Every structure is written in C-alpha cells, then in structure tokens.
**Q** 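For reference, the structure I am asking about is given below.
Everything quoted here is computed from the prediction, not taken from an experiment. In what follows, chains are A, B, ... by sequence order, proteins preceding strands, each numbered from 1.
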There are 2 protein chains.
Amino acid sequence: MEDKVDRRVQRTRQLLSEAIQALILEQGYDATTVLEITERANLGRATFYLHYKDKEDLLLSTLEGVFDDLVRRLEASSSKNWRLISQGAIDLAFEHAAEHADLYRIIFSGHGAWSISKRIRDYIASYAHKVIEKAQAEAGIVPRLPAEVPANYIAASLLGMIAWWLERDMPIPAEEMAETFRLLNFQGTAQFLGIEAPGEQLLLQEDQAN
Amino acid sequence: MEDKVDRRVQRTRQLLSEAIQALILEQGYDATTVLEITERANLGRATFYLHYKDKEDLLLSTLEGVFDDLVRRLEASSSKNWRLISQGAIDLAFEHAAEHADLYRIIFSGHGAWSISKRIRDYIASYAHKVIEKAQAEAGIVPRLPAEVPANYIAASLLGMIAWWLERDMPIPAEEMAETFRLLNFQGTAQFLGIEAPGEQLLLQEDQAN
DNA sequence: CAATTATTAAACACAGTGTATATTATTCTA
DNA sequence: TAGAATAATATACACTGTGTTTAATAATTG
C-alpha cells in the first residue's frame, strides 16, 4: 500500500526503535540518552531529530505500533455473540502480552510510557463497557451500577494481572492465566474465602475439603 | 520522642516537600526542576542538596510518609475477625486515598513515583494474602489457586478502582466506593452480565428485571 | 554567651538537549 | 543509468539543568 516511504527512513526508524527498546530494558528509561540510542543504532545523533522530537516521542511511536496491533486483532475477532467476544478478548490480551512481553514490561515499568498505559486501559474499559451494555440489554438486566464502574474494574484488574504475570516472568501459560482471570473476575474472590459476599444475598456453593 | 532534629532542618524539609507537591500537580514531574522547587520554597538551591540526592529522593521521602501512615492505620485496625479486617481495610483504603487525594494523584500519575506505587501494591497484596490464608484455614477450603494469585488480583483491582475514582474527581462518596468494590470483587462481574461464570459450575441467582 | 550546625550565594565543570549548516551518500524516477 | 530529490552525517553552537565546592553569614542549641 504505502510503499512511498524512503527505504533509508524505514531503516532509520526501525533501528532507532530497536535501540531504544533494548536500552530501556537494560538501563531503564531515564538513564537512556539520545546519544546512546543513536550510537546503539549506528546513526548520527542529528539523524534522530530528523524523525523524532525527543526520547518520549520515539518511545510512544514505538509502543503505538503494538497497541494498534492489539486493537486490530480485537476488532478482527469481533463476533455477534458477546460471550465469545469477552472470552476471546481475554485470551487475546494475555496472548498479546506474552508475544510482546518486552514492550509490555516497558509499558508497565511506568516511566515514560504512562500515556500509553492509560490509553490501553481506557481502550479496554470502553471495550468492556460495550460488552456489558450488550449483555445487559440481552438479558434484560436492570443495571445496579453505571456500566462505567464495572468496565473500569475489569480493565484495571485485567491489566493488573498481566503486569503481575509479566513481572513474575510468566510462570503460568497464557491460556491458563486467561482462565484464572475469568474465574476471579466473573465469579469474584468470595469463593476463595468461603463466604457469601456482603451486601447482596447471593448463595455460593463452596468446595468442601474432604 | 525524636525532638533532636534542628528546627531549621525540619522547616527546610517541610518547605521542600510542600513545594515539590505543588509543582508536580501544576506542571508534572518531569517539568519540575530543583531550582524551581527551591525558589518556591524560598531556599537556596545548594540547600536542597544538603538534604536530598535529587528530585526523586525528595519525592519518595515525601510519599513515604503517607504510605507509612496508611500502614500504621491498617495495622491499628487489626482485629481477630478476618471478615472485619478485610471489610475495614477496604474502607480505609478509600478513605485514605480521599484524604491524601493530591498525593495519590501524583503516585498514580506514574512519573517518578513508580517504586512507591509498586510498594503500595505489594503491601496490599501481602495483606490480602494473609487474609485469604486465614479465611481458607478457617473455612476448611482447599485452595484452587495459590493464594498469591487472588491476592494480587485484589491489590490490582483495588488500586485500579482508586485510581479511576481519583481521576474522575471522586464523584462517589468513599463508603459507597468501598461497598461497590466489595460487590465487584467478592461477587464478581458475572452478575452484571446475566450469566453463570464459565469454567466452574457455580450457580448464581440473578436479579430479574420486573 | 559560645559552640555547633544550617543556610547561603557564587562559581565551577559537566552532561545532555535541540538546532543549524555545509557536505556526502543514498534513493527514487523518468 | 543519469540527474533530481531527499536523507544522513559530522561538527559546531547556545542553552538548560545538575551536582559539588567554597567561604561567609545566620540561626539554633545547651
């Protein structure tokens, strides 16, 4: 499609992108300088400023790509059935994180990537928002809370689980994590405490130790 | 107790602490310089380095205080009954965030405060870990997951809800947020979707719209 | 009051940033 | 494949902010 971009530009951007990723993982965001990035990429420092405003600009445009990829795959997996949608989206989230683990680590490591992290969270929340409303309409449920609240709860807990999982170097396979997350998120944590949840009268069957 | 600290030192640290908070809220962490901090505090720039290594050092020691306060209050509210403990801890978390909203905003705004944010999360997770194990032992439940997983799930979702709540300028009172969090966290989100949760055969009674 | 300790301004070397320029190298395209 | 267009480069420059040192001054302590 867009073959009009000069090869040199493609090459330069690619090299800078790779260099900043490697350096951030090695030394952290703050410790990484533009000079180091261009040295690692084997480019002149002035070249950097031909393409990016500053370090953050380069990092954001690097992460942007991964985020777009996630969005594309989520939209592509859309089906009519919202149950399958939410099921698939959760699978996809963990798969995608595993696939781009290094970049996700940069995102979750906080520095510099905060705006991206927030955008991902907001995107997931709005995605969850849609699913919730669709499901509620279908089931004829009268919402007890504005959908925004559970939507953000879902986004925060999902990202939190992914962050924790990556920090621990993914000790559990992605599918299992997705399953575990569904268990915790749909059913709640009460099942682990052997209690009925407070506030609402909801009966939970609990496993009995034998 | 520790009255041995020179008044001038107390005053200087206090002023620097206040100055950096105000400036970060006004301009963000990165944009704030040591010179600006000392000007705002009406102190010489050299004085800064008599007390702190750098900007981050000052910020961390500022936030440390708030974190210690939270921990102290959590330990103080300890009772024998773990149900009350977890109930009270959640209330306390939202109250404390509301009370120190500005500082929490700095923490959640990512920059510079990441290590504090992580420490708070880890502390909450270990707190939840203890509660889960106590509850499981008491109820004779055979854990289906290592307690670390639900513990981190709880920590992430709690902090996520607090962050969201502060970002939206606390549109809901703290007690209500705590109640909402308990609802979502203990019972899960399935109740909002009108489904039984997947993976496990667990019967949920759902509200029927009339 | 005298001793101690904190604050201060000033000057310094330094690291990193972002821009401008003239030259060289690569690529596009006709 | 030659010529036009564009990209990369080295170098130099001004600038901002950092962190340290020094010697003089001020505040606190006992």
**Q** May I ask you to evaluate whether Arg7(B) reaches the phosphate of dT29(D), defined as a side-chain N or O under 4.0 Å from OP1 or OP2?
**A** yes
**Q** Indicate for each nucleotide in nucleotides 9-20 of chain C, in 5' to 3' sequence, whether protein heavy atoms under 4.0 Å reach the base (B), only the sugar-phosphate (S), or nothing (-).
**A** B------SBBBB
**Q** Is atom CZ of Arg7(A) surrounded by more than 12 heavy atoms (other residues, nucleotides or ligands) closer than 6.0 Å?
**A**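 Not buried by this count: 12 neighbours or fewer within 6.0 Å.
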**Q** Look up atom CD in Glu138(B) and atom CG in Leu193(A), then write down how far apart they are to the nearest 0.5 Å.
**A** 10.5 Å
**Q** Nearest-Å distance, CG (Leu15(B)) to P (dT7(C))?
**A** 10 Å
**Q** Arg11(B) has an atom CZ; how far is it from atom C1' of dT7(C), in whole Å?
**A**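 Interatomic distance, CZ of Arg11(B) to C1' of dT7(C): 9 Å.
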**Q** State whether His51(A) places a side-chain N or O below 4.0 Å from either non-bridging phosphate oxygen (OP1 or OP2) of dA8(D).
**A** yes
**Q** Rounded to whole angstroms, how far apart are CG on Leu23(B) and P on dG17(D)?
**A** 13 Å
**Q** To the nearest 10°, give me the bend of the helix from dC1(C)-dG30(D) to dA30(C)-dT1(D), comparing the axes of its five terminal pairs at either end.
**A**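 Roughly 40° between the end axes, to the nearest 10°.
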**Q** Check the distance between dT18(D)'s P and Asp30(B)'s CG and give it to me in whole angstrom.
**A**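 Checked: the CG to P distance equals 11 Å.
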**Q** Between dA26(D) atom C1' and Asp6(B) atom CG, what is the distance in whole Å?
**A**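 So the CG-C1' distance, Asp6(B) to dA26(D), works out to 12 Å.
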**Q** Say whether, by atom type as modelled, one donor and one acceptor occur between the side chain of Gln136(A) and the main chain of Phe192(B) under 3.5 angstrom.
**A**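 Confirmed, Gln136(A) side chain pairs with Phe192(B) backbone.
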**Q** Enumerate the residue pairs fulfilling salt bridge (charged side-chain N to carboxylate O under 4.0 Å, His left out) with a member in residues 90-110 of chain B, sequence neighbours excluded, ordered by first and then second residue.
**A** Arg73(B)-Glu99(B), Asp91(B)-Arg182(B), Asp102(B)-Arg105(B), Arg105(B)-Asp169(B)
**Q** On a heavy-atom basis, which atom in Asp57(B) and which in His51(B) lie closest, and how many Å separate them?
**A**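 Looking at all heavy atoms of both residues, the shortest contact is OD2-O, 4.4 Å.
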**Q** In whole Å, I'd like the distance from the CG atom of Asn42(A) to the C1' atom of dT9(D).
**A** 12 Å
**Q** So that I can tick it off, tell me whether Lys55(B) and Glu36(B) are bridged by a salt bridge, with the cut-off set at under 4.0 angstrom between side-chain N and carboxylate O.
**A** no
**Q** Answer yes when Arg72(A) and Asp69(A) have at least one side-chain N-carboxylate O distance shorter than 4.0 Å, and no when they do not.
**A** yes
**Q** Is the shortest side-chain heavy-atom distance between Phe48(A) and Leu58(A) below 4.5 Å?
**A**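 Result yes, sub-4.5 Å side-chain heavy-atom pair found.
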**Q** At less than 3.5 Å, do the side-chain atoms of Arg8(A) and the base atoms of dA8(D) form a donor-acceptor pair?
**A**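 Answer no: no donor N or O sits under 3.5 Å from an acceptor.
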**Q** Side-chain N or O of Thr12(A) versus OP1/OP2 of dA8(D): is the shortest distance under 4.0 Å?
**A**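 Yes, because at least one side-chain N or O of Thr12(A) sits under 4.0 Å from OP1 or OP2 of dA8(D).
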**Q** Starting at CD of Glu56(B) and ending at P of dG17(D), how long is that distance when rounded to a whole Å?
**A** 19 Å
**Q** Would you please say whether a donor-acceptor pair under 3.5 Å links the side chains of Asn185(A) and Tyr153(A)?
**A**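 Distance-only check fails for Asn185(A) and Tyr153(A).
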**Q** Rounding to a whole Å, what distance do you find between Gln10(B):CD and dT7(C):C1'?
**A** 16 Å
